[in-house]
Engineer: 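Shown below is the structure under consideration.
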Protein chains: 2
Amino acid sequence: MSTPERLIEATRELLWDRGYVGTSPKAIQQRAGAGQGSMYHHFSGKPALARAAIVRTTEELRATAEAALGGTDTGSGTGTEVGAGSGTASASAYDRIAAYLVREREVLRGCPVGRLTMDPDIMADETLRAPVDETLDWLRGRLAGIVQEGLERGEFPAALDPAEIASTVVATVQGGYVLARASGSPAAFDAGVRGLLALLAPARDDPNSPRS
Amino acid sequence: MSTPERLIEATRELLWDRGYVGTSPKAIQQRAGAGQGSMYHHFSGKPALARAAIVRTTEELRATAEAALGGTDTGSGTGTEVGAGSGTASASAYDRIAAYLVREREVLRGCPVGRLTMDPDIMADETLRAPVDETLDWLRGRLAGIVQEGLERGEFPAALDPAEIASTVVATVQGGYVLARASGSPAAFDAGVRGLLALLAPARDDPNSPRS
DNA sequence: GTCTATAGAACGATAGAC
DNA sequence: GTCTATCGTTCTATAGAC
């Protein structure tokens, strides 16, 4: 791996674990196995390196999310699939959202993108903040589109607002990281996700009809 | 206000805005209007001051949350109250959760407690981490109890798990802060909360019955 | 209790040899 | 491209006068 490449990867790891303020050029160099001069030859400084790292991390998040949300069924259904069952029909909205929610994550490390929003130095620098904002915005839009499809298929109550539900889904994930880190266990993340899935569950024809 | 008092308050503000790593003793002293020697006379160092600040902030969060969740109706109902309407009956579970969710917040500053979970130095120090963990744990338990009451009153579908829903509620709030900060607007927080309230809404006898 | 002085280390970056 | 040397600043804390 080339030196700039190693520097970017080292920065990504440190940004994830320690944030921008907690990441020093020295630590980056050590982790990347590169010297001072080498780092400053390839990058103008800490902000430039951080930008490269953040852009790559946000691109990766988009790709990972899209893989779960894409709807090209990976074969392992949840058992609550909806639809007419034609050969290559895309998975239900619920299933695609569920696939996104339960995908494998390094829960205790937190979200490599969401974490950055708590860093004042990142939020203050437009070039660092923009990729974060755009990525979470894209994710909400992507989810809103899927909820909209679900609404059209009658999967969800018509009263739901796609953009709002999308925000709730992303917020539950981001907040799940917080709960997991606080408690030191991924269980809290999982609980939040299961609660959300229960609320979203298409199986609304519940034997226990609510509200008298 | 006494000097120790001012130091604690200054630390609380800085911890909220810049986190533990981003908060220097010097910055605390300047904000508190206290000198170096003064600070080290009253506190053994940055960790001790941070502990005092964190304990106070978590206590404050509990009190604020309890005020909304307490159920002693503040008079401004949401219009969806449930119950037999006896004189001093406590508000519905939905209303109490809604009151907690929509309470006034400095959304763009993030959660003064949840933010701390992203600070590796705080998570590594048991004396700093404990109050954060205990507070979020208390909040989840408190909410779970209210959901349980709602279940017993038939406000929610019986399939819901109180602890899971409680985690979802707290996660939505914590994640809402992330979305708001990323986008630079409280709107994303509000959207997530409205989505969650729509999913929790007791008005489940929806004209549009889902899932065919 | 509060002040100033001082300390060793780390921070973020630059200079210039190779 | 990579190295070592150096720089001015900030960090966190201690010492000791007042």
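Within every chain, numbering begins at 1; the chains are lettered A, B, ... in the order of the sequence lines, protein sequences first and strands thereafter. Since we're looking at a predicted model, the values are computed, not measured.
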Engineer: So, does B:Thr3 get its side chain near the phosphate of C:dT2, meaning an N or O under 4.0 Å from OP1 or OP2?
Structural biologist: yes

Engineer: What is the separation between atom CZ on A:Phe43 and atom C1' on D:dT2, rounded to the nearest whole Å?
Structural biologist: 15 Å

Engineer: Without decimals, in angstroms, what is the distance between B:Glu5 CD and C:dG1 C1'?
Structural biologist: 16 Å

Engineer: I'd like to check the ring-ring contact (aromatic ring centres under 6.0 Å, His included) partners of A:Tyr100; sequence neighbours left out, ordered by chain and number.
Structural biologist: none

Engineer: Could you tell me how far apart A:Leu49 (CG) and C:dC11 (P) are, to the nearest whole angstrom?
Structural biologist: 15 Å

Engineer: Suppose we screen for salt bridge (charged side-chain N to carboxylate O under 4.0 Å, His left out). Which residues come up paired with B:Arg56, at least two apart in sequence or across chains?
Structural biologist: B:Glu5, B:Glu9

Engineer: Write down the distance between CD1 (A:Ile28) and P (D:dT2), rounded to a whole number of angstrom.
Structural biologist: 16 Å

Engineer: According to salt bridge (charged side-chain N to carboxylate O under 4.0 Å, His left out), who are the partners of A:Arg140, at least two apart in sequence or on a separate chain?
Structural biologist: A:Asp137

Engineer: With salt bridge (charged side-chain N to carboxylate O under 4.0 Å, His left out) as the rule and sequence neighbours excluded, what pairs involving residues 170-188 of chain A come up?
Structural biologist: none

Engineer: I need the CD-P distance between B:Gln29 and D:dT10, as an integer number of Å.
Structural biologist: 14 Å

Engineer: For residues 107-114 of chain B, run the donor-acceptor check on the side chains, cut-off 3.5 Å, and write out each pair with its distance to 0.1 Å, sequence neighbours left out.
Structural biologist:
{"unit_1": "B:Arg109", "atom_1": "NE", "unit_2": "B:Asp17", "atom_2": "OD1", "d": "2.9"}
{"unit_1": "B:Arg109", "atom_1": "NH1", "unit_2": "B:Glu106", "atom_2": "OE1", "d": "3.3"}
{"unit_1": "B:Arg109", "atom_1": "NH2", "unit_2": "B:Glu13", "atom_2": "OE1", "d": "2.9"}
{"unit_1": "B:Arg109", "atom_1": "NH2", "unit_2": "B:Asp17", "atom_2": "OD1", "d": "3.4"}
{"unit_1": "B:Arg109", "atom_1": "NH2", "unit_2": "B:Asp17", "atom_2": "OD2", "d": "3.1"}

Engineer: Does A:His41 make a side-chain N or O approach to OP1 or OP2 of D:dT2 shorter than 4.0 Å?
Structural biologist: no

Engineer: Check salt bridge (charged side-chain N to carboxylate O under 4.0 Å, His left out) between B:Asp121 and all other residues, then give those that pass, not counting sequence neighbours.
Structural biologist: A:Arg18

Engineer: Check whether any side-chain heavy atom of A:Thr58 lies under 4.5 Å from a side-chain heavy atom of A:Arg62, and answer yes or no.
Structural biologist: no

Engineer: Do B:Tyr177 and A:Val178 have side chains that approach each other closer than 4.5 Å (heavy atoms only, starting at C-beta)?
Structural biologist: no

Engineer: Go ahead and write out DNA chain C as dot-bracket, 5' to 3': ( ) for pairs within the strand, [ ] for ones crossing earlier pairs, | when the partner sits on another strand, dots for unpaired; Watson-Crick or G-U wobble, both distances under 3.5 Å.
Structural biologist: ||||||||||||||||||

Engineer: Would you mind building the protein contact string for nucleotides 12-18 of chain C? One character per nucleotide, 5' to 3', B for base within reach (heavy atoms under 4.0 Å), S for sugar-phosphate only, - for untouched.
Structural biologist: SBB----

Engineer: Residues in salt bridge (charged side-chain N to carboxylate O under 4.0 Å, His left out) with A:Arg103, at least two apart?
Structural biologist: none

Engineer: Can you run down the side-chain hydrogen bond (donor to acceptor under 3.5 Å, both in side chains) pairs that involve residues 35-50 of chain A, sequence neighbours left out, and say none if there aren't any?
Structural biologist: A:Gln29-A:Gln36

Engineer: Specify the residues of residues 7-17 of chain A, ordered by number, for which at least one heavy atom lies under 4.0 angstrom from an atom of DNA chain D.
Structural biologist: none

Engineer: Quick test of your reading: applying side-chain hydrogen bond (donor to acceptor under 3.5 Å, both in side chains), list the pairs with at least one residue in residues 182-197 of chain A, sequence neighbours left out, ordered by first then second residue.
Structural biologist: A:Arg194-B:Glu164

